[in-house]
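A short write-up of the structure that comes next.
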2 protein chains.
Amino acid sequence: MLADGRRQVVAFHIAGETFGFEGGKVRSFFAECIVSTGLTTVEIDRDGRYSPELMELALKEMIRAQEHLLVVGKQCALEKLAVFLVDLAERQGGLGCIDLPMTRTDIGDYLGMTIETVSRNLSKLRSAGVLRLRSSRSIEILKPQRLYCLASKL
Amino acid sequence: MLADGRRQVVAFHIAGETFGFEGGKVRSFFAECIVSTGLTTVEIDRDGRYSPELMELALKEMIRAQEHLLVVGKQCALEKLAVFLVDLAERQGGLGCIDLPMTRTDIGDYLGMTIETVSRNLSKLRSAGVLRLRSSRSIEILKPQRLYCLASKL
DNA sequence: CGAGGTCTTGAATTCTTTCAACAATAGTGG
DNA sequence: CCACTATTGTTGAAAGAATTCAAGACCTCG
């Protein structure tokens, strides 16, 4: 949360992902469940040495944060949204149908835009025939290559 | 660098800071010197276990990246710039005079805005009496509390 | 069926970007 | 030391994009 009440969503995590690598005793971020969730905690060694596996996860998380910067730093809302959708699709295994468990507000706070902009640009993708909204929380990708292109992945 | 030629500056590092914690063999980012620079490399153990000290640095770097997200995600350019200046001032030890070794382009790519917007908002702060430009690369803070307030640090 | 939350869409405003011109600065070679 | 040149920085005007404010549609749950 920011001092003025605004919120920056740093990441969406799906099953099997690890988060919470904050070093010190002071925590700057918090996590929220948006679907029913099970958690496992990972303890570090008493002497503070991380295992290579855990270290790798922490570094992966850092790279992800830095790559998220690339997205949020983009100027065009449509592009940001495309990257978000492609990322989500890949992590859900394939570009057929994307499940959006989060609200438009969550997406907006993740991408640094208002919910109206999220909605408008989803509509823009819809009317361009790139995707179809089965419901507001379920998206069917009709033209994956167009989406990839917008996301600068092609 | 982004596929379309745009650039996202992830961090500015000053003397004594550590960077380059990319886990795998593939590197997504690169570093550039903008002042004359000395470097020391840190090697990790053969078994891949990081020392607690190095781990702490890596995690600090991750937190920094996530906090940078908070800045880039902000909508207002003036606010972003204020946060940038306050951060730089604090790392340079005090708010008297800030040294800007980087170009406006670097600042813009760091904050996710054009150089013109950087320049314009610096001018805005100048005409508001918040700061004075000794030169384009050297800034004197006249009203620190105003700057802090803009940076949502007060 | 009703109520609350979520989502979409429109219109006006505000802000940034883009394009262009010019000023200031630093570096180069005579 | 000075003119020349390239880079960097500033500013203006127009265009474009997102935000804000507002209204209404849709969905879910009790």
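Naming convention: chains lettered A, B, ... in sequence-line order (proteins, then strands); numbering from 1 in each chain.
Under 4.0 angstrom from either OP1 or OP2 of dC7(C) there lies no side-chain N or O belonging to Ser119(A). For the pair Arg137(B) and dG9(D), the criterion of a side-chain N or O lying under 4.0 Å from OP1 or OP2 is met. Put simply, Arg6(B) has no side-chain N or O that comes within less than 4.0 Å of OP1 or OP2 on dT17(C). In this structure, Ser123(B) reaches the dT11(D) phosphate: one of its side-chain N or O atoms is under 4.0 Å from OP1 or OP2. The side chain of Thr114(B) contributes an N or O atom lying less than 4.0 Å from OP1 or OP2 of dT17(C). In this model, the phosphate group of dC26(D) is not approached by any side-chain N or O of Arg104(A) to a distance below 4.0 Å at OP1 or OP2.
Ion pairing between a basic and an acidic side chain is recognised when a charged N comes within 4.0 Å of a carboxylate O; Glu67(B) and Arg64(B) show no such pairing. Using a 4.0 Å cut-off between a side-chain N of Lys or Arg and a carboxylate O of Asp or Glu, Glu79(B) and Arg6(A) qualify as a salt bridge.
One atom, CD1 of Ile115(B), and another, P of dG12(D), lie 16 Å apart when rounded to the nearest Å. At whole-Å resolution of the value, CG in Leu133(A) and C1' in dC26(D) are 13 Å apart. Rounded to an integer number of Å, the gap from Lys124(A) NZ to dG16(D) P is 13 Å. In this structure, the CG atom of Leu111(B) is 16 Å from the C1' atom of dT17(C), given to the nearest Å. At whole-Å resolution of the value, CG in Leu131(A) and P in dT8(C) are 11 Å apart. With rounding to whole Å, Leu100(B) atom CG is found 12 Å from dG9(D) atom C1'. Regarding Lys80(A), its NZ atom lies at a distance of 14 Å from the P atom of dA17(D), rounded to whole Å. Rounding to whole angstrom units, CG of residue Leu81(B) and P of dC15(C) are separated by 16 Å.
Counting non-hydrogen atoms under 4.0 angstrom, Thr103(B) reaches the backbone sugars and phosphates but no base.
Residues Ser135(B) and Ser138(B) have side chains that never bring a donor and an acceptor to within less than 3.5 angstrom of each other.
Nearer to the 5' terminus of DNA chain C, by closest-nucleotide assignment, is the contact made by Ser136(A) (compared with the other of Ser136(A) and Ser136(B)). In terms of position along DNA chain D, the nucleotide closest to Leu122(B) lies nearer the 5' end than the nucleotide closest to the other residue of the pair Leu122(B) and Gln75(A).
Each of Thr105(A), Thr103(A), Asp109(A), Leu81(A) was compared with Val118(A) under the side chain to side chain contact (heavy atoms under 4.5 Å, CB included) criterion, and only Leu81(A) meets it.
For dT20(D), its base sits under 3.5 Å from the side chain of Arg120(A) at one donor and acceptor pair at least.
The side chain of Ala77(A) lies closest to dA18(D) when the candidates are dA18(D), dC19(C), dG9(D). Side-chain atoms of Arg126(A) lie closest to dT9(C) of the nucleotides dT9(C), dG9(D), dT19(D).
In this structure, Arg7(A) and Asp106(A) have side chains that are in contact, with non-hydrogen atoms separated by less than 4.5 Å.
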